[in-house]
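First comes the structure, then the notes that go with it.
Each ligand, and each atom within it, is numbered from 1 in the order the structure gives.
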Amino acid sequence: MHGSGGRTRHDGRMHVVAVTGLKGGVGKTSTAVNLAALSAGEGRRTLLWDLDPQGAATYCLDLKPKLKGGALKLLGGGRGGLSRVARTSSVANLEVVPADGSVREVEKILSASAKPHKIIRRLVAGAKDDADVVVMDCPPGLGHVVEAVAAVADVLLVPVVPEPLPYRALERFRAFLADTRSAGPELLAPFLSMVDQREPMHRRVEAQIRSDGGFLAAAIPESSAVARMGEEQVPSVISSPRSLASQQYQLLWAETKERIGI
Ligand SMILES: Nc1ncnc2c1ncn2[C@@H]1O[C@H](COP(=O)(O)OP(=O)(O)O)[C@@H](O)[C@H]1O
Ligand SMILES: [Mg+2]
C-alpha cells in the first residue's frame with residue numbers, strides 16, 4: 001500500500017464503511033467489493049476486510065482464502081495488526097484482509113471478551129497510516145461481530161431486497177443496534193438491492209419504502225454483471241462500468257461519501 005501515485009487529497013482521517021445486515025444472500029459482499037473498488041479507483045488507499053468465514057469477498061477479488069496466522073492471532077493482538085495480513089489485489093490501491101475458515105472463530109473470540117468492540121477498534125485504528133478507507137464485509141446475522149463493527153463504523157450500509165420479509169428484517173436489525181447500543185440510528189444507511197422491476201412485489205415494496213423514507217436513493221438492480229463477479233473474480237464496477245448496476249453502485253458510493261463526509 002505504499003507509493004501509490006496520484007492519490008487524492010484527504011483530511012488524514014481514516015473512514016470506516018461497513019456492509020452489514022441480518023440477511024444473507026442480499027448483496028452485502030457484492031456491495032463491499034464494488035464500493036471498495038470505486039474508493040480505490042479514486043486513488044484512496046482502501047482496505048477491504050473480509051469478516052465472513054465464507055470468504056466471498058476474498059474470492060471475488062481472486063485472492064487465496066488464507067488469513068496469515070489465523071483469526072485468533074489477528075484478534076489476539078499480535079504485532080502488525082491488519083497490515084501484517086493484508087494482501088495486495090489486482091485493483092490498484094486496494095488491499096484485502098482475506099478470510100478463511102478461522103474467521104468462524106471471530107464470533108467466539110469476541111463473545112468471550114468483555115469489550116468486543118475494543119478489539120476491532122484497535123485493529124482498525126492500527127491501519128490508519130496505511131488506509132484512507134476501510135470497507136468491512138460482515139457475515140449475516142446478529143452477533144458480536146456485527147455489534148463490534150457497528151461500534152467502530154462511520155456508516156452501516158444495509159442492502160434490502162424489496163420484499164416484505166427482508167424489509168421487516170431491517171427493523172429487527174435496527175432494534176438490535178438500539179438494544180446493544182452499538183450504534184445510533186443515524187449510522188444506518190439502508191438501500192435497495194437486487195431489485196427486479198419486472199416483479200410486481202418488488203415494485204410494491206419499493207413504493208412502500210419510498211413513501212416510508214429513510215433509504216438511500218441508490219437502488220442496485222438485479223444484474224447479470226453483478227452475478228458474474230463470482231465467475232470473473234473482478235469487481236463488476238470495473239468489468240462492466242457502464243451497466244445499470246455500476247451506475248447505481250456509483251450513486252451509492254457518492255451517497256456513502258456524503259454521509260461520512262469525504
Ligand atoms: N445486484 C445483483 N444482481 C444479481 N445478482 C446479485 C446481485 N447482488 C448479488 N448478487 C448475487 O447474489 C448472491 C449473493 O450476493 P452476495 O453479495 O454474496 O450477498 P451477501 O453477502 O449478502 O450474502 C451472489 O451469488 C451474488 O453474485
Ligand atoms: Mg457476504
Side-chain angles (χ1 to χ4, degrees), residues 17-38 48-63 65 67 71 96-101 103-104 106-107 135-143 145-146 149-150 153 156-163 165-170 172-173 188-199 201-203 205-206 209 215-253 255-256:
V17 174
V19 189
T20 58
L22 184 52
K23 304 267 297 173
V26 295
K28 288 188 301 301
T29 296
S30 306
T31 299
V33 168
N34 276 315
L35 295 193
L38 290 172
L48 174 61
W49 185 359
D50 189 350
L51 273 160
D52 189 333
Q54 300 210 6
T58 302
Y59 184 82
C60 285
L61 285 159
D62 200 13
L63 292 166
L67 178 61
V96 180
V97 174
D100 61 19
V103 172
R104 239 175 276 285
V106 172
E107 183 65 33
V135 177
M136 303 170 94
D137 184 27
C138 295
L142 305 176
V145 176
V146 177
V149 167
L156 296 172
L157 292 170
V158 184
V160 177
V161 178
E163 290 167 7
L165 290 175
Y167 191 30
R168 290 177 52 182
L170 174 65
R172 272 176 50 214
F173 187 61
L188 263 192
F191 65 95
L192 287 165
S193 180
M194 303 175 83
V195 181
D196 182 357
Q197 287 293 347
R198 293 162 310 178
E199 180 65 58
M201 190 210 272
H202 279 209
R203 291 205 302 269
V205 176
E206 179 167 5
I209 282 171
F215 270 55
L216 297 176
I220 314 299
E222 180 82 46
S223 156
S224 56
V226 179
R228 275 200 308 275
M229 267 204 305
E231 216 169 79
E232 298 173 349
Q233 296 180 285
V234 174
S236 58
V237 291
I238 293 177
S239 60
S240 312
R242 273 176 288 279
S243 68
L244 220 56
S246 291
Q247 290 170 25
Q248 290 300 309
Y249 278 126
Q250 277 154 15
L251 175 59
L252 181 61
W253 178 233
E255 291 186 286
T256 302

Please check this pair: side chain of Thr256 against backbone of Leu252, looking for a donor-acceptor N/O pair closer than 3.5 Å.
yes
With rounding to the nearest 0.5 Å, note down the distance linking [atom1] in [X] to [atom2] in [Y].
| X | Y | atom1 | atom2 | value |
| --- | --- | --- | --- | --- |
| Phe215 | Ile209 | CZ | CD1 | 4.0 Å |
| Gln248 | Gln250 | CD | CD | 9.5 Å |
| Trp253 | Ser246 | CH2 | OG | 15.0 Å |
| Gln197 | Glu206 | CD | CD | 5.0 Å |

If only protein N, O or S atoms under 2.8 Å count, total around the Mg ion (ligand 2):
1
Measuring from each atom of ligand 1, which residues have a heavy atom under 4.0 Å away?
Gly24, Gly25, Val26, Gly27, Lys28, Thr29, Ser30, Met194, Ile220, Pro221, Glu222, Ser223, Val226, Ala227
Considering all heavy atoms of both residues, which atom of Val205 and which atom of Pro162 are nearest to each other, and what is their separation?
CB-O, 3.4 Å
Residues in side chain to side chain contact (heavy atoms under 4.5 Å, CB included) contact with Thr58, at least two apart in sequence or another chain
Asp50, Leu63, Pro98, Ala99
Donor-acceptor contacts under 3.5 Å from residues 27-36 side chains, at least two apart:
{"unit_1": "Lys28", "atom_1": "NZ", "unit_2": "Lys23", "atom_2": "O", "d": "2.4"}
{"unit_1": "Thr29", "atom_1": "OG1", "unit_2": "Asp137", "atom_2": "OD1", "d": "3.4"}
{"unit_1": "Thr29", "atom_1": "OG1", "unit_2": "Asp137", "atom_2": "OD2", "d": "2.7"}
{"unit_1": "Thr31", "atom_1": "OG1", "unit_2": "Gly27", "atom_2": "O", "d": "2.7"}
{"unit_1": "Asn34", "atom_1": "OD1", "unit_2": "Ser236", "atom_2": "N", "d": "3.0"}
{"unit_1": "Asn34", "atom_1": "OD1", "unit_2": "Ser236", "atom_2": "OG", "d": "3.4"}
{"unit_1": "Asn34", "atom_1": "OD1", "unit_2": "Val237", "atom_2": "N", "d": "3.0"}
{"unit_1": "Asn34", "atom_1": "ND2", "unit_2": "Ser30", "atom_2": "O", "d": "3.1"}
{"unit_1": "Asn34", "atom_1": "ND2", "unit_2": "Ser236", "atom_2": "OG", "d": "3.0"}

Pair His202, Glu163: side-chain N/O donor-acceptor within cut-off below 3.5 Å:
yes
